[in-house]
Amino acid sequence: MEGHGIVVIGLSHHTAPIALREQVAFANGVIEPALRELVTLPGVQEGVIVSTCNRVEVVAYGGDAAAASDAIPEFLGRVHGCGTRELRQALYVHEGREAVRHLFRVAASLDSMVVGEPQILGQLKDQYAVAASLGTSGRVLHRCFHKSFSVAKRVRSETGIAEKAVSVGSAAVELAGGIFERFADKTALLVGAGTMGEVTARQLLARGTGSLLVANRTYARALDVARELGGLPVPFERLARYLPLADLVIGAAAAGPDFLLRRGQVEDAMRERRHRPMFIIDLAVPRAIEPAVQELDGVYVYDIDDLDGVIAENQGARATEALRAEAIVDAEVDAFWRWLEGLDVVPTIVAIRDKVEAIRQRELARHLAALGPVDARQREAIERLTRAIVNKILHAPLTALRGHQAAPGESFYVEAARALFQLGEDAPDAALAAVPVPGDDDEDA
Amino acid sequence: MMEILLLRCAAGLYLAATAAVLTAITSQREFPTRLLGWLLGGGLFLHVVSIVLRGAQVAHLPVATQGEALSMLAAVLVALFLVLQRRTGLLALGAVVMPLAFGLTLAASVLKGGAEPLPPVLRSLWLPVHVAFAFLGDAVFGIACSASVLYLVQERRLKAHRGRGVLRRLPSLETLDRLSHTCLQWGLVLLTVAIVTGIVWAHEAWGQAWTGDPKVVFTLLVWGLYVVLLQGRMTAGWRGRWAAQLTIAGFTVLVASLVSVNLLGLGIHGRGY
């Protein structure tokens, strides 16, 4: 294990309540000095801090994983001025392969609260960029983080993990997608400006819905929400007048004694809009839209159960896809680990010796055959001669290599040696030469 | 009989393409659309070679028998779908178009009897012109009909709140409605040109424009139906299910007239086209 001591120490929504996560989170101005201090800790040579609303993690690489595992919790407690005991209970420590796997899983959004949500990758890239610009992440963490980004990309493109909607708003958008091709020329009408309605309207706007009308029993609230979302407030009493304009209706107000929308009203509206399809989501419980509305031609009504059904099904699908994603992560962890182990000095020295010895044997056999009959003594002399030459030539480079064993992270010599002697399949690594370009691929936002 | 064999091979590939499309729209995974492209392209290639061979045999555009006509219609339909799919990515349309093409091609390969010489009165430059517009128009209506069938399927799913699960990849109602509408417009233009060239040709051949031929009567009937439908769409806001049903009805009459008129051997179109 020594020689490649990667550790991840942190806490997340799995282990810590929000109050603690808030306390430990790194604000923008704090993260830079913290990073500088991090790399001075015992056992730490490279460090990156990941801090989002759901997790705070320190990723470190150095010679002594055990020392780092001791120092980092204490460091976290000191920086944030919080009790170490409570902190230690919430902290998880991953070392070695598990640390790499953890980072890859986080990047691929397998460890997120909503599995498959895309934001985490962007956050990871940003915070890696901070560390890279300060120079606190070095050769190993550069490689590790870049690999985690490409793992995330693979997972996204090879599995359906991010395809499925798992919130009420996105489920509504998904359902509307069965009816409408484009949203830019559509108008949404939000009836009842509560939180749920607002969130759903926001998602529809994010999908590109052209305009938004907001109606609420208290007009002032409609004004507020309309201003915030960039919509148009309409008086609640005149709802029926505005209904024909609406392609998408979000019914988020409690029905009260009567239904919010009755069949007759919608029927009139449909006639007025010349039967262009209307999509209605009824978010209220009990339902605010008269069930008979559903019978009208060209009107598609979905209630909260339908949305939940979409979400549940999508979560199921995501779980299946997550299994496929884990397999990808496993394979990538293996690949990364092979690379990291390649940085180790001892196996490299052994490999060089083996390779040179094999060459010697081969050449010896060839030339002895050409030489014709030789007696045992002559043969012994030739053996000694060749072995001496080989050992003399290898002596200096192998000593130099061994000298760098004490300093993990100085992988330059090892890599150079592997490349010079053509050891291993991935010795000369073009990707590594191009390190580091923080946040290079920003196709996701 | 080489061309019959090729035609059957093409039909087989169309059947495989049908299966491929169905797999693509019912499975959650990304489907290898390249495979579909090969099936379609390969099928169409064999099909065209078959038509060309037949054309070389009879030394005129091979649309003079029932089988030839159906084969031609299927080929135009597939070509049209191929272009459309390339440009708009509307893969799901194939779920209706490809079985249709398969059925037509299979029927063609069964019905395709021996070659018959073209009567001298029909040997004219009008033949390819009239026939090209007629088949293109029919095929465009075929696409409109396919889009309408998909529309009805999708609309039923949405109404039944089965917006999820299989068939998730169907295009939206709006997409299908618009495609159907556009195809109706183009189909009507093409059909109109076909009718006009037919009238001119008939005038040249027999000295009279109106022949009372059943195929002509049926075609005019469908033409009228589509005019009314388009008019209704544009002024009265007919759309959705009603419009889709009318579109399908129109195409059904079109195919029915093509088949029945030919089977019964009625009128001057009775030979095939």
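Letters A, B, ... mirror the listed sequences (proteins, then strands); counts begin at 1.
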Check: Closest heavy-atom contact between B:S172 and A:G177?
Finding: CB-O, 3.2 Å
Next item on the list: For A:K186 and B:E174, work out which heavy atoms get closest and say how close.
Entry: NZ-OE2, 2.9 Å
Next item on the list: Return the option, out of A:R182, A:H275, A:R274, A:R271, with the maximum number of heavy-atom pairs under 4.5 Å with chain B.
Entry: A:R274
Check: Counting a contact as any heavy-atom pair under 4.5 Å apart, which residues of residues 293-300 of chain A contact chain B?
Finding: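 When heavy atoms of chain B are the reference, residues 293-300 of chain A contributes A:Q294, A:E295, A:L296, A:D297, A:G298, A:V299, A:Y300 within the under-4.5 Å range.
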Checklist line | Residues which pass side chain to side chain contact (heavy atoms under 4.5 Å, CB included) with B:L46, listed by chain and number, not counting sequence neighbours | finding: B:L6, B:C9, B:A10, B:L13
Next item on the list: Hey, could you give me each pair passing salt bridge (Lys or Arg N to Asp or Glu O under 4.0 Å) that has a residue in residues 227-240 of chain B? Not counting sequence neighbours.
Entry: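 Listed by first then second residue: B:D177-B:R233, B:D177-B:R239.
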Check: Pairs in or reaching into residues 143-154 of chain B: which pass salt bridge (Lys or Arg N to Asp or Glu O under 4.0 Å), with residues at least two apart or in two chains?
Finding: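 The answer is none; no pair qualifies.
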Checklist line | A:R273, part contacting chain B, at a heavy-atom distance under 4.5 Å | finding: neither
Notebook entry, point to check: So which part of A:R276 gets closer than 4.5 Å to some heavy atom of chain B, the side chain, the backbone, both or neither?
Noted result: both
Notebook entry, point to check: Would the number of heavy atoms belonging to other residues, nucleotides or ligands and lying under 6.0 Å from CZ of B:F133 be above 12?
Noted result: no
Next item on the list: Starting at CG of B:L173, measure out to CD of A:E181 and round the result to the nearest 0.5 Å.
Entry: 11.0 Å
Checklist line | Side-chain touch A:F279/B:L158, heavy atoms, less than 4.5 angstrom | finding: no
